[in-house]
Each structure stands twice: as structure tokens, then as C-alpha cells.
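Structure first, then comments.
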Amino acid sequence: MLKIFTTQLSSYFKRIGEKEEFNLEDGARILAQAAIGEGNIYIYGVNEMQAVMYEATQSAEPLAHAKSLELNDISRLTSVDRVLIVTRFSTDEKAVQVAHTLLEQGIPFVSIGAIPKEVQGDSIHELADVHINTYLLQPLIPDDSGERFGFPALMTTLYAYYGLSFTLKEIMDENE
């Protein structure tokens with residue numbers, strides 16, 4: 001099963017790397033505006049995606065100028081700040097709520113999450129300045145009864161985050 005999981009997961013990484021290349025670059029440029037200027041990059045993670053927020057703020061290699069974003073902090077953001085919203089699906093209600101608040105305040109933001117095939121209602125992929133699709137809509141491994149398991153949403157999102165982070169680092173290095 002691990003071999004199937006690894007093969008399937010590798011295909012998602014490849015898809016993100018190939019299909020989201022320009023969005024990763026554009027997203028990094030938006031975040032760089034805060035890092036190069038006098039702002040901060042705030043990370044908002046929905047549910048398990050808070051791990052991306054911790055990776056960006058407290059890991060061995062934190063993202064430059066990154067801070068965690070709590071819902072009660074949104075009103076304190078300024079026009080020089082930027083936000084990264086990470087969620088399993090682009091239609092997550094909490095993520096969409098944060099996106100609408102950021103739009104009302106005129107704060108540019110980037111989002112990461114899978115876009116469902118049929119979107120009903122709002123989706124951050126339509127609201128964000130740049131959205132990075134993780135493409136992961138279902139678990140990867142089928143069992144004997146036809147059910148599926150192994151839903152590595154955090155892993156695909158972290159892969160996209162690292163693509164964004166590496167590109168941001170390149171931009172920052174070029175700007176020095």
C-alpha cells in the first residue's frame with residue numbers, strides 16, 4: 001500500500017509543480033511585496049492546515065516576515081501586509097469568510113487548496129489575488145471494498161507552500 005500511496009502522491013506533487021508554476025511565481029511576488037516593504041506575511045490555516053502556519057512561523061527555516069493570523073487580528077492588518085490562506089478545499093466556509101474580510105479591507109492575499117469539480121457558492125480560488133490548486137479531491141488508496149483512504153491534503157499543501165517559499169526566497173535574494 002505504501003508504494004501505491006507514494007506513486008499517487010508523487011503524481012500530485014508533479015501536477016502541482018507543472019500546472020501551478022506560474023501561480024507559485026505570482027503568489028510569491030504578492031507575498032514579496034510585504035517582505036520587501038514594511039509589512040508582514042500572515043498565514044491563516046484552516047483546521048489541519050494550521051501545520052503550514054506553524055511550518056512558516058516556527059520551523060527550522062521560517063518564512064521571512066511570516067506571522068500567524070488569528071481571526072481577531074484581521075482588523076489590525078494594513079495595506080502593506082499580505083496573507084496566505086491555506087485550506088483543504090477552496091470552498092471551506094472559514095477560508096471564504098477570511099477572504100471576504102480581506103477583500104473588504106483591501107488586503108491582497110494568496111490561497112492554497114484543492115478546487116472541487118463543482119463549486120456551489122463562494123470559493124477562495126475566485127476571490128484570491130492568486131490561488132494555488134493542490135488538486136487533491138479524494139483519498140488515494142482503494143481498499144478491497146472499493147472505499148478509499150489516505151487523504152494527504154497537508155502533504156500536498158506543504159509541497160505547494162514550499163514551492164511558494166522557495167520562489168519567495170529567490171525574489172528576496174534578487175532584491176538584495
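Computed over heavy atoms, backbone and side chain alike; hydrogens, waters and symmetry mates excluded. Bear in mind the structure is a predicted one, so any value in this text is a computation, not a measurement. Just so you know, residue 1 is the first one in the sequence shown, and it goes up from there.
- Ile30 CD1 to Ile171 CD1: the interatomic distance, rounded to the nearest 0.5 Å, is 10.0 Å.
- In this structure, Thr157 has no side-chain hydrogen bond (donor to acceptor under 3.5 Å, both in side chains) partners at least two apart in sequence or on a different chain.
- Here the side chains of Tyr12 and Met155 are not in contact, with every heavy-atom distance at 4.5 Å or above.
- Judged as a side-chain hydrogen bond (donor to acceptor under 3.5 Å, both in side chains), and not counting sequence neighbours, Asn175 has no contacts.
- Residues Glu25 and Phe22 form a side-chain contact, since some pair of their non-hydrogen atoms from C-beta on lies under 4.5 Å apart.
- When every heavy atom of Ser75 is checked against every heavy atom of Asn72, the shortest pair comes out as OG-O, 4.1 Å.
- Residues forming a side chain to side chain contact (heavy atoms under 4.5 Å, CB included) with Lys14 (at least two apart in sequence, or on another chain): Glu18.
- Remark: the backbone N or O of Tyr161 is not paired with any side-chain donor or acceptor of Ser165 at under 3.5 angstrom.
- Residues Thr57 and Ser68 come closest through the heavy atom pair CG2-N, 3.7 Å.
- With sequence neighbours excluded, the residues that form a side chain to side chain contact (heavy atoms under 4.5 Å, CB included) with Phe13 are Leu9, Thr156, Tyr159.
- Hydrophobic clustering (side-chain heavy atoms under 4.5 Å, transitive across Ile, Leu, Val, Met, Phe, Trp, Tyr) groups Leu168 together with Val86.
- A distance of 3.5 Å separates CG of Asp122 from NE2 of His100, quoted to the nearest 0.5 Å.
- Between Leu2 atom CG and Thr7 atom OG1 the span is 9.0 Å, to the nearest 0.5 Å.
- Pro116 and Thr91 make their closest contact through CG-OG1, 3.8 Å (heavy atoms, listed as atom of the first residue, atom of the second, distance).
- Within 6.0 Å of atom CD in Glu93, 12 or fewer heavy atoms from other residues, nucleotides or ligands are found, so the atom counts as exposed in its surroundings.
- Residues Met49 and Ile115 do not share a hydrophobic cluster, defined by chaining ILVMFWY side chains whose heavy atoms lie under 4.5 Å apart.
- The salt bridge (charged side-chain N to carboxylate O under 4.0 Å, His left out) contacts involving residues 126-155 comprise nothing, where partners must be two or more places apart or lie in separate chains.
- Within the structure, no pair that satisfies the salt bridge (charged side-chain N to carboxylate O under 4.0 Å, His left out) test touches residues 1-11, not counting sequence neighbours.
- Connectivity analysis of hydrophobic side chains (ILVMFWY, heavy atoms under 4.5 Å, direct or indirect) links Ile85 to Tyr42, Tyr44, Val46, Leu69, Leu71, Ile74, Leu77, Val83, Val96, Val98, Leu102, Leu103, Ile107, Phe109, Ile124, Leu127.
- Atom NZ of Lys169 and atom CD of Glu174 lie 11.0 Å apart (nearest 0.5 Å).
- Here the shortest heavy-atom pairing between Ser79 and Arg82 reads O-NH1, 2.8 Å.
- Under the rule for a side-chain hydrogen bond (donor to acceptor under 3.5 Å, both in side chains), Gln50 has no partner lying at least two apart in sequence or in another chain.
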Next item on the list: With side-chain contact (heavy atoms from CB on, under 4.5 Å) as the test, would you mind laying out the steps for Leu24 and Glu21 before giving the verdict?
Entry: CA-CA 5 Å; Leu24 288 165; Glu21 179 182 7; 5.6 Å; no
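- Between Glu170 and Asp173 there is no side-chain heavy-atom pair separated by less than 4.5 Å.
- Once rounded to the nearest 0.5 Å, the distance linking NE2 of His65 with CG of Leu31 reads 11.5 Å.
- Within a 6.0 Å sphere centred on CZ of Phe149, other residues, nucleotides and ligands contribute more than 12 heavy atoms.
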Checklist line | Working for side-chain contact (heavy atoms from CB on, under 4.5 Å), residues Glu55 and Ile43 | finding: CA-CA 10 Å; Glu55 182 68 24; Ile43 318 290; over 6 Å; no
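- Ile16 and Phe166 are assigned to two separate hydrophobic clusters, defined by single-linkage of ILVMFWY side chains at heavy-atom distances under 4.5 Å.
- In the hydrophobic cluster analysis, where Ile, Leu, Val, Met, Phe, Trp and Tyr join through side-chain heavy atoms closer than 4.5 angstrom, Tyr135 is grouped together with Ile4.
- Under a 4.5 Å side-chain heavy-atom cut-off, the cluster of Ile, Leu, Val, Met, Phe, Trp and Tyr residues that includes Val80 has no other member.
- With respect to Asn23, the side chain to side chain contact (heavy atoms under 4.5 Å, CB included) criterion is satisfied by exactly one of Val110, Ile132, Asn133, Ile112: Ile132.
- Shown here for Gly106 and Pro108, the closest heavy-atom pair between the two residues is O-CD, 3.4 Å.
- Ser111 pairs by the side-chain hydrogen bond (donor to acceptor under 3.5 Å, both in side chains) definition with His131, not counting sequence neighbours.
- Residues forming a side chain to side chain contact (heavy atoms under 4.5 Å, CB included) with Phe151 (at least two apart in sequence, or on another chain): Arg88, Phe89, Leu136, Pro139, Ala153.
- Following chains of ILVMFWY side-chain contacts shorter than 4.5 Å, one can reach Met172 starting from Ile41, so the two form part of one hydrophobic cluster.
- Across Pro62 and Ser59, no two heavy atoms sit closer than the pair CD-O, 3.3 Å.
- Screening residues 56-73 for salt bridge (charged side-chain N to carboxylate O under 4.0 Å, His left out) gives Asp73-Arg76 as the qualifying pairs, with residues at least two apart or on separate chains.
- The distance from atom CD of Gln138 to atom NZ of Lys117, rounded to the nearest 0.5 Å, is 7.0 Å.
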